[in-house]
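Right, one structure below, let's go through it.
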Amino acid sequence: MSPELLSALTVFVLAILVGFAVISKVPATLHTPLMSGANSIHGIVLVGSMFIAIEATDLASQLLSLVAVAFATMNVVGGYVVTDRMLQMFKKKPVAPKTVDLTAEQAEG
Amino acid sequence: MSPELLSALTVFVLAILVGFAVISKVPATLHTPLMSGANSIHGIVLVGSMFIAIEATDLASQLLSLVAVAFATMNVVGGYVVTDRMLQMFKKKPVAPKTVDLTAEQAEG
Amino acid sequence: MDFNTVSDIVRLAWLAGASCFVIGLMRMNSPATARNGNLLSAGGMAVAIAATAILLFARPTADGSVNGTGWVIIVIGVLVGGGAGLYSARTVKMTAMPQLVSLFNAVGGGAAALIAIDDYLGLKAAPDPQINVATVLDIVIGSITFSGSLIASGKLQGLIAGKPIMIPAGRIVTVALAVVTVVGAIFLWAGNLSVPVMLIILAAALIFGVTMVLPIGGADMPVVISLLNSFTGTAVAMAGFVLGNDVLIIAGALVGASGAILTKLMADAMNRSVLNIMIGGFGGGEGTQTAVGAGGSVRAIGADDVAIQLAYAQNVIVVPGYGLAVAQAQHAVRELAELLEDRGVDVKYAIHPVAGRMPGHMNVLLAEANVPYPQLREMDDINPEFDRCDVALVVGANDVTNPAARRPGSPVSGMPILDVDHAKSIVVIKRSMGRGYAGIDNELYTNPKTGMLFADAKDGLAALTAAVKAL
Amino acid sequence: MDFNTVSDIVRLAWLAGASCFVIGLMRMNSPATARNGNLLSAGGMAVAIAATAILLFARPTADGSVNGTGWVIIVIGVLVGGGAGLYSARTVKMTAMPQLVSLFNAVGGGAAALIAIDDYLGLKAAPDPQINVATVLDIVIGSITFSGSLIASGKLQGLIAGKPIMIPAGRIVTVALAVVTVVGAIFLWAGNLSVPVMLIILAAALIFGVTMVLPIGGADMPVVISLLNSFTGTAVAMAGFVLGNDVLIIAGALVGASGAILTKLMADAMNRSVLNIMIGGFGGGEGTQTAVGAGGSVRAIGADDVAIQLAYAQNVIVVPGYGLAVAQAQHAVRELAELLEDRGVDVKYAIHPVAGRMPGHMNVLLAEANVPYPQLREMDDINPEFDRCDVALVVGANDVTNPAARRPGSPVSGMPILDVDHAKSIVVIKRSMGRGYAGIDNELYTNPKTGMLFADAKDGLAALTAAVKAL
Ligand SMILES: NC(=O)c1ccc[n+]([C@@H]2O[C@H](COP(=O)([O-])OP(=O)(O)OC[C@H]3O[C@@H](n4cnc5c(N)ncnc54)[C@H](OP(=O)(O)O)[C@@H]3O)[C@@H](O)[C@H]2O)c1
Ligand SMILES: NC(=O)c1ccc[n+]([C@@H]2O[C@H](COP(=O)([O-])OP(=O)(O)OC[C@H]3O[C@@H](n4cnc5c(N)ncnc54)[C@H](OP(=O)(O)O)[C@@H]3O)[C@@H](O)[C@H]2O)c1
């Protein structure tokens, strides 16, 4: 196995582990924004598309790469914008529901 | 910068990110066991110590590597055993305190 | 500055970008930091892309000349794609966002597949095994997500019927397609270089994506989209292997893994297993409006009576549902709630994880109407409190309140529901006896404790506010 | 099998091991999976080490011969170190575990430093910058953790006075040492190869570790240990750069980062900032037993009276502290609690994050005595319930109940405390009016609602159990 592949593999595995670790108990509220946020991230494929676009010589790959670039950019731009719109909805409110819960109980009890 | 160093750096950064992500809101109960568990993990330095031990030719490095191997092994073995002892204390109890909390309220109210 | 230095810097920039993605995702785990996290991630993306442009520009070409057409392609592509993305993202309606996300996911997967296809067409001989594996996987996974996500998007948009569509002998077709793909892949991995076979695989994968998603009900689409999102991540990582580019590998694997976890979380929230969803679940799409009593008499009630109940209640729990979203009644409900609180009534909102049409749909709507975050209570938090609740005000919610879910045998069986029926008294605002997403009757409505206020959510709430003021 | 294949497999094994570390740590985040997570991590370690042995064995040496002495060194080292680690870990008392962990941390850091030292001694010329940087950093950080952790361990063990030890002109000394280290490091990084300078740095770092930890009070040691633990991780990562070994880099960086987060969590639990702790905090070690009334009369109370209060209370909250641990009274308290519950009293335990001498000390003890997990309540959970609590039974707890913490100006000021004084009635079991860790009086004891049951925790509880039975 070439050292490049080995290190690529290492990077791959580590990134997977990060991915597993990075999502902890998320409130259901954030499921859709999180999905949308992750969705924007794989727009990084634009980088790859740019490479093939530059290297494209024959018509076929020029067309393919054009579509690829357009697709990828749409993924990136649209993804981040729509995610941001979803998140604009959340006013920052430090109050944790649980504590409120308890005080509420107090008031009642 | 040599490609080796670059990939080493990449690996380093990714591992740091994993480290940040892997610890989420941990109950205080687990602080000490977690610390102890992480402590055992850096016992991996044993691997490095074995390398220098095998390559040791002059007396100086032979002594140094001997101490290194002994130290590292102590870290590994002791670390995992003591962590396990700490954790034996936890009987697996699925009941989450919060739900209990609520039912308790019910009972009272 | 010589090219090596440039490429070193670019690589470090890529690494920095990737780190931003990770930290961004972390911050998106909690409402307070979520938005800033998304911006951070976007910043990382900008850095990574800018760095790439610099690298491509600084890179010495074979004949020393700059590849003009290449840059033209990139510029045009970016303008077109960026414009389309920006416009659609800016103009889409709140409730239509999931299908848009699915669309973006589709194009992302498509791009990943195109990279591998282009790479494959350029091959003179079969590449070394690992590259070969990555290329084929990229083509297969990328195509599946592309077609699959388009279908999912169409279903949520209503372009395609939401209810499960059973293709004649669908299962067999799907399996057959899978077989074709696998066999083809193995053939190529065996070291054969064959564009036709590649194209066959491509076609098979595309159709597979369609047949995979068609039979799944609209109710499960969010989960499906999340799964396909994770697929795209994997495809992008594969593209990274093909091009030997670390940042693609990192970002792709990151999304692949986190997407998988997220999919599980979402499935859990709807109390389904991912597998069971993929094999085809319930959720027939928009409820048929044909009124059906389904045994048991229904008690209709007027706004004034309800107003009195509410005004003199000690605590009221509002249960918002899809109907609230359709009627855009979030502001109306906040108004009523505030009015009641001024009168000393303790008002809370019971948020079911899958109320509405996307996870967190209700939180998003109510947050938009500035309902104080602490008043929004997740299902497990609030359920025990229904026993002590004087009036449960159900606004355009149906399935998430249907006691049938507690019994086996119903399409919603097993879905955790809000214990609305435990409240001392229940008021339901909806337009008719029409059914909800699952397309079944709700015995809550025939419960003697329940009064039905037949009205559009917005109008109904406005009427209530007026009536309470009048008291 | 040729060596390349072997080394490929070994590298994959290392990667697998590293993954086990990560997943293990993840699982250690929740009590249910923690133990299994630690085992997984241990498994990964075993794999990584076995793989290394195989690699070293299969590796062709310069003169083709096996390096016998090398293997002898390894075997002896493993036996000695392993034996020592196993024995100490097996025999250590529950309450002495933190200092043992600190000891293990010290040797780990030491090993990392030794690797760099050995490497440096072997150098013929200054290595390329980055290696050079890594080597020096490894030596510096490794030495600091080595000496620092030993001191920390000694303080907790009581070998060194727990109370802050102020070295004359300590700050200046510490700063001076830091300066020496930095200057030396820069000199070496400048490309000079000089063993003497390396040794000077080494010495300076070692002493720095001592002067850094000595002025810190025993109460803060857990946080310090956690910080040094994170240092060791970093040192190991540096060693990885020196040897060009990925698994060291991964595992080291992993511990470095997670350790840092954990340190912050622990500091937060004691409501201190890490910086503020490192600059030297409160916590003078074991409380002086000299009885001091400190104004306000103290009401002593007999076991029988307490028994009646408890038996006829609706709900009782037990507040365990360090005294419970010293007296090993965890079983006694469970017995009493069960007895009360049989009589229909609702009993809960209020767990302060820093009650005892290590975080989670109380949970560990009570879990050992099979107290049902749900009865253990974290501080924030339980504090509001004191208002509704009939009797708060404080067993060997002092500082964590001291209302002085709410006012500025006291050594415990700012530490969140259990609102024991909100309870309708308070009973404190301790041997005397002796002080706690912070070495200050507790006005809770002079509170008119409070009755003092002067006894060793175990005996006192036994007496209560007997008295309740007798009712
Ligand atoms: N959250 C998700 O991720 C997601 C995604 C897709 C599907 N689903 C599914 O969607 C359902 C959500 O349950 P739900 O209770 O929120 O909604 P629902 O069960 O779909 O019921 C919505 C109800 O609102 C009423 N309604 C419609 N328009 C209205 C208006 N303008 N004013 C007042 N009422 C109106 C309808 O009755 P009338 O016609 O009589 O007014 C309908 O019965 C669940 O089955 C869930 O599985 C969830
Ligand atoms: N948890 C951690 O991480 C950690 C680590 C280090 C230090 N600390 C510090 O330790 C303190 C913990 O507070 P705490 O309230 O748990 O303990 P404490 O404040 O140290 O008080 C313990 C009390 O228990 C009594 N006691 C001792 N032996 C006893 C026995 N055999 N029977 C009955 N009572 C006995 C002592 O009073 P008598 O002598 O009168 O009996 C003493 O006042 C805090 O200041 C915390 O900051 C915590």
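Every chain is numbered from 1, with letters handed out A, B, ... down the list of sequences.
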Atom group of C:Tyr87 that falls short of 4.5 Å from chain A, counting heavy atoms: neither

Residue from C:Val236, C:Ile131, C:Ile115 scoring the most non-hydrogen pairs under 4.5 Å with chain A is C:Ile115

What residue in C:Gln375, C:Arg90, C:Met26 has the most heavy-atom pairs under 4.5 Å with chain A? C:Arg90

Residue part contacting chain A, namely of C:Asn245, when any heavy atom lies under 4.5 Å: side chain

Leading residue by heavy atom contact count with chain C [cutoff under 4.5 Å; candidates A:Val81, A:Thr57, A:Leu9, A:Leu34]: A:Leu34

With rounding to the nearest 0.5 Å, note down the distance linking CE in C:Met266 to CD1 in C:Ile261. 14.0 Å

Only residue of C:Val101, C:Val255, C:Leu262 satisfying side-chain contact (heavy atoms from CB on, under 4.5 Å) with C:Asn229 is C:Val255

So, the part of A:Leu14 with a heavy atom under 4.5 Å from chain C: the answer is neither

Closest approach of C:Ile249 and A:Ala15, non-hydrogen atoms and distance? O-CB, 4.5 Å

Within the distance-only criterion (no hydrogens, no angle test), does the side chain of A:Tyr80 pair as donor or acceptor with the backbone N or O of C:Ser41 below 3.5 angstrom? yes

Between the main-chain N or O of C:Val22 and the side-chain N or O of C:Arg27, is there a donor-acceptor pair closer than 3.5 Å? no

Counting only non-hydrogen atoms closer than 4.5 Å, does C:Leu100 touch chain A with its backbone (N, CA, C, O), its side chain (CB onward), both, or neither? side chain

With a 4.5 angstrom heavy-atom cut-off, could you sort out which part of C:Tyr120 is near chain A: side chain, backbone, both or neither? neither

Does any backbone or side-chain atom of C:Ile49 lie under 4.5 Å from a heavy atom of chain A? Answer side chain, backbone, both or neither. both

Region of A:Leu46 in contact with chain C, defined by heavy-atom distances below 4.5 Å: side chain

When you measure from the side chain of C:Arg377 to the backbone of C:Lys348, do you find a donor-acceptor pair of N or O atoms at a distance under 3.5 Å? no

Could you tell me the separation between the CD1 atom of C:Ile74 and the OG atom of A:Ser65, rounded to the nearest 0.5 Å? 8.0 Å

Residue C:Leu228 versus chain A: region with a heavy atom under 4.5 Å: neither

Under 4.5 Å from a heavy atom of chain C, the part of A:Val67 involved: both

Per-residue contact mode, C:Leu39 against chain A (heavy atom under 4.5 angstrom): side chain

If I take atom CG from residue C:Asn105 and atom CE from residue A:Met35, how far apart are they, to the nearest 0.5 angstrom? 8.5 Å

Without swapping roles, check the side chain of C:Ser102 against the backbone of C:Ile225 for a donor-acceptor pair under 3.5 Å. no

Identify which of A:Ser49, A:Ala21, A:Ser40, A:Ala56 forms the greatest number of heavy-atom pairs closer than 4.5 Å to chain C. A:Ser49

Between A:Ile41, A:Leu66, A:Val77, which residue shows the highest count of heavy-atom pairs closer than 4.5 Å to chain C? A:Ile41

Counting only heavy atoms closer than 4.5 Å, note whether C:Leu103 contacts chain A via side chain, backbone, both or neither. side chain

Taking C:Pro222's backbone N and O only, do any of them form a donor-acceptor pair with C:Ser226's side chain (distance below 3.5 Å, no angle check)? no

Let me know if C:Ser30 has heavy atoms under 4.5 Å from chain A in its side chain, its backbone, both or neither. backbone

Under 4.5 Å from a heavy atom of chain A, the part of C:Thr234 involved: neither

Check whether C:Leu86 gets within reach of chain A through its side chain, its backbone, both or neither, counting any heavy atom under 4.5 Å. both

Let me know if C:Leu254 has heavy atoms under 4.5 Å from chain A in its side chain, its backbone, both or neither. both

At a heavy-atom separation under 4.5 Å, does C:Ala369 approach chain A through its side chain, its backbone, both, or neither? neither

Would the distance check show the side chain of C:Ser230 and the main-chain N or O of C:Gly256 forming a donor-acceptor pair, the cut-off being under 3.5 Å? yes

For A:Ser61 and A:Asp58: C-alpha separation, side-chain torsions, deciding distance, then whether side chain to side chain donor-acceptor pair (under 3.5 Å) applies. CA-CA 6 Å; A:Ser61 31; A:Asp58 58 307; 2.4 Å; yes

Can you find a heavy atom in the side chain of A:His42 that is under 4.5 Å from one in the side chain of A:Asn75? yes

Using non-hydrogen atoms only, which part of C:Val92 is less than 4.5 Å away from chain A: side chain, backbone, both, or neither? both

Do the side chain of C:Ser19 and the main chain of C:Leu15 share a donor and acceptor less than 3.5 angstrom apart? yes

Quick one, C:Leu56 with A:Phe51, criterion side-chain contact (heavy atoms from CB on, under 4.5 Å). Give me CA distance, side-chain angles, the key distance, then yes/no. CA-CA 7 Å; C:Leu56 292 180; A:Phe51 271 98; 3.8 Å; yes

Most heavy-atom pairs under 4.5 Å with chain C, out of A:Val82, A:Val69, A:Asn39, belong to A:Asn39

Chain C shares the most heavy-atom pairs under 4.5 Å, among A:Leu63, A:Ile52, A:Ile44, A:Val76, with A:Ile44

Interface check, chain A: of C:Val80, C:Ile250, C:Leu366, most non-hydrogen pairs under 4.5 Å belong to C:Ile250

I'd like to know if the side chain of C:Asn29 reaches the main chain of A:Val22, judged simply by a donor and an acceptor atom lying under 3.5 Å from each other, with no hydrogens or angles considered. yes

Which of the residues C:Val247, C:Ile73, C:Leu55, C:Val242 is involved in the greatest number of heavy-atom pairs with chain A at under 4.5 angstrom? C:Ile73

Interchain contact, A:Glu4 with chain C, by part (heavy-atom threshold 4.5 Å): neither

